[in-house]
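First the structure, in the form of structure tokens, and then the observations on it.
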Amino acid sequence: MKVLLISPPFVQLNSAYSALPFLKGVLASNDIESGCIDLGIRIANRLFSKEGIERLFEAAGKNPKNEDLIFFVSHMKEYTETVGSVISFLKGNNPVMAENIIEKGYLPEWKMSKSAMIIGTQNAFDYARYRASLYLEDIFLFYKAVCPDYGLSKYGESLAVSPPVFDGILRSVLSDDDMISKLIIDELDKTDMSGYDLTAFTVPFPGTLIGALKSARYIKEKYPEMKIALGGGYVNTELRSLRDKKIFDFVDFICLDDGEIPLLQLSSFISNRISEDDLVRTYFMKNGEVVYSDNSQNEISFKRCAPDYSGIVFSEYIPVIETLNPMMKLWSEKDTLKLRLAKGCYWHKCEFCDTSLPYIKKFAPEKIDDIIGDIKKMVNQTGITRFHFTDEAIPPALAIRLSAALIRENIAITWWGNVRFDPAFTEDACVLLNRAGCIAAVGGLESCCPKTLENMNKGISIGDAVKVIRNFKSAGILVHAYMIYGFPMETRRDLADSAEILRQLFSEALLDSAYWHRFALTRHSNVFRGRNRYKINVPDPDLKPFANNDIPYIDNSGESIDEMGPGLRKAVYNWMLGSGTGLPIASWFETSVPKPTVKKNFVRRIIEDNRLDIKPDHKIVWLGPEPKVNGKVIKINGADGSLEFELPGSLSSWLAKLLEDSSIFRGDGLQFDKTSGSFPKDSGIKFSDLLNNEIWDELQDAGLLIISL
Ligand code: SF4
């Protein structure tokens with residue numbers, strides 16, 4: 001039994017999409033041989049090459065009417081001459097090209113390049129990467145003009161977002177005359193698939209469906225015996241009520257939710273070891289009808305494994321950075337490994353989220369030892385030390401325990417991921433995370449308006465969220481906030497208040513980046529189930545034969561919230577560049593906006609509140625070296641310099657013992673209430689005085705933390 005895993009065009013350019021190594025690892029540990037192909041990156045490399053530009057020139061014709069193509073045709077020679085060196089530079093092979101790329105006149109400049117910020121205080125090398133990326137985006141525009149369905153990471157997206165029936169997609173899959181389809185076929189043609197029994201495509205989002213189906217169609221024609229399966233995020237959210245048979249002209253099986261067990265069962269079925277009734281969360285055709293074999297309640301055990309990156313050619317990936325913002329750049333950085341600390345979301349209660357689906361509601365944390373083992377294996381296999389933890393929301397307790405383990409085992413990695421702005425991310429917890437390599441936190445703030453947060457059932461107050469953002473930021477961790485506007489029952493005034501608090505967060509330099517999403521109603525959310533409560537009408541709630549996720553709805557509030565979208569985006573764009581954070585909210589909008597009711601110092605007052613919230617079962621943990629005591633003087637030689645204090649009574653020896661006993665290298669620290677009980681009475685001060693003293697602040701900076709571990 002041999003499985004071929006394929007990531008279709010175009011998932012991402014900077015690194016391999018996580019599904020391939022995740023599934024490859026599990027297949028290998030369960031004795032199933034597999035191969036993997038990132039078709040998207042192969043085709044991207046062909047598009048952004050001399051060959052691609054020449055093909056595009058042919059496709060554009062001599063006298064194009066489209067303004068993008070007119071520019072391209074007249075500058076074709078410059079693009080042909082520069083594309084190879086730009087790609088080589090972006091891949092990190094040719095750093096000396098930075099000077100040429102920055103130099104005016106070296107690269108042709110069309111719409112995206114012309115919109116570039118001018119070089120200021122930025123790092124010149126990063127600026128060259130940014131300019132090179134915009135140059136590639138200009139080339140995307142030209143491709144888009146000859147393949148209108150094509151967009152980077154969005155191929156055919158408009159066709160695939162919740163279409164009720166398959167017919168539109170079918171037409172697109174059957175027409176294979178555009179440039180990208182030809183490249184897909186050409187790439188597949190070069191690959192010998194004769195040893196494989198099953199090809200499995202991941203379809204993470206709508207824009208990858210048509211590329212996957214075009215590939216599947218070609219494979220079916222060339223290898224009629226090959227079985228083809230489809231899975232991934234798009235399938236999991238959109239195709240849960242599938243009745244339309246036509247998609248089965250191209251694929252044999254469609255698997256829902258986590259792919260490991262469905263794929264292992266499929267392999268057993270294809271090897272004639274189980275019957276089709278034993279398939280798990282899988283659609284297939286039987287007697288001319290679409291049938292679904294669930295069996296998700298059956299306990300099927302399998303051997304877990306670290307993601308396996310063998311077969312991934314890291315040098316093929318192209319980091320395209322569309323912005324110089326340090327937080328936003330992280331999404332595009334090359335050489336990033338993906339790992340998950342837990343399946344599902346530990347909160348799983350936000351009203352707008354797909355909380356009825358297993359990928360959110362079934363929370364299952366990994367064991368710390370397993371995560372540490374995975375990290376070691378992945379670093380060993382790839383030599384890469386940057387991790388993106390792809391959890392829906394990293395549980396704070398797990399992040400804290402993992403950080404302690406990383407420090408204890410001296411594992412030097414950097415990592416970032418999604419979080420809730422959960423109060424469990426205290427100031428000291430964030431210091432610990434940062435010491436363990438955490439460089440960025442991406443949080444769903446969603447709204448800064450208390451009423452809207454309550455309606456969303458976010459479970460976090462705006463006051464708590466602001467403090468947590470401060471904690472991350474003061475620990476040296478970059479922070480991004482996802483925002484939502486247009487949540488049902490949100491008024492224009494609520495949104496103005498939300499935008500004002502966001503402005504204050506930027507103005508206090510607490511946020512590095514943010515993004516406003518328009519609220520979308522999905523079938524799997526609580527808002528859809530409780531829509532009457534939200535005063536929205538869903539004219540057609542019935543299930544459709546093909547895709548079912550995004551639901552058109554009518555908001556009866558009459559608030560015209562959509563008018564505020566452009567102003568919100570413009571404001572955030574500027575705040576991310578550090579400009580206009582002092583301007584009144586109304587100045588960003590073309591439409592009249594209510595005056596915010598929030599006080600101008602709302603955020604400032606919250607961040608100035610430094611009260612410690614210590615629980616008796618919190619642990620005191622020391623991350624630094626062993627101290628030296630000489631009489632009343634205690635000396636600590638840390639990596640960031642040395643500290644020396646002269647303390648009254650026997651305080652220095654008590655403190656030295658505290659640091660030794662609470663060392664992270666000895667265990668999980670000392671319980672706070674027990675420690676406070678041993679505080680020396682001859683010191684002349686109380687333990688609480690020490691906690692509020694600048695000595696404690698200095699010790700905290702050196703690594704003395706009070707955390708829930
Ligand atoms: S929005 Fe985020 S925090 Fe809320 S339920 Fe979904 S995954 Fe969890």
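Atoms considered below: every heavy atom in the structure, side chains included; atoms not considered: hydrogens, waters and symmetry mates. Note that ligands are numbered from 1 as they come in the structure, with each ligand's atoms numbered from 1 the same way.
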Taking the side chain as every heavy atom from C-beta outward, state whether Val379 and Ile384 have any pair of such atoms under 4.5 Å apart. no
If you define the side chain from C-beta out and look only at heavy atoms, does anything of Thr452 sit under 4.5 Å from Lys458? no
In terms of the angle between their ring planes, are Trp415 and Phe389 parallel, tilted or perpendicular, with boundaries placed at 30° and 60°? tilted
How many protein N, O or S atoms are found at a distance of less than 2.8 Å from atom 4 (Fe) of ligand 1? 1
Contact between Val442 and Tyr482 at the side-chain level, heavy atoms closer than 4.5 Å - yes or no? yes
Enumerate the atoms of ligand 1 whose separation from the nearest heavy atom of Phe352 is less than 4.0 angstrom. 1 (S)
Hey, does Asn295 have a side-chain heavy atom less than 4.5 Å from the side chain of Gln297? yes
Between Asp668 and Lys619, is the salt bridge (charged side-chain N to carboxylate O under 4.0 Å, His left out) condition met? List the steps. CA-CA 8 Å; Asp668 281 344; Lys619 300 276 185 63; 5.3 Å; no
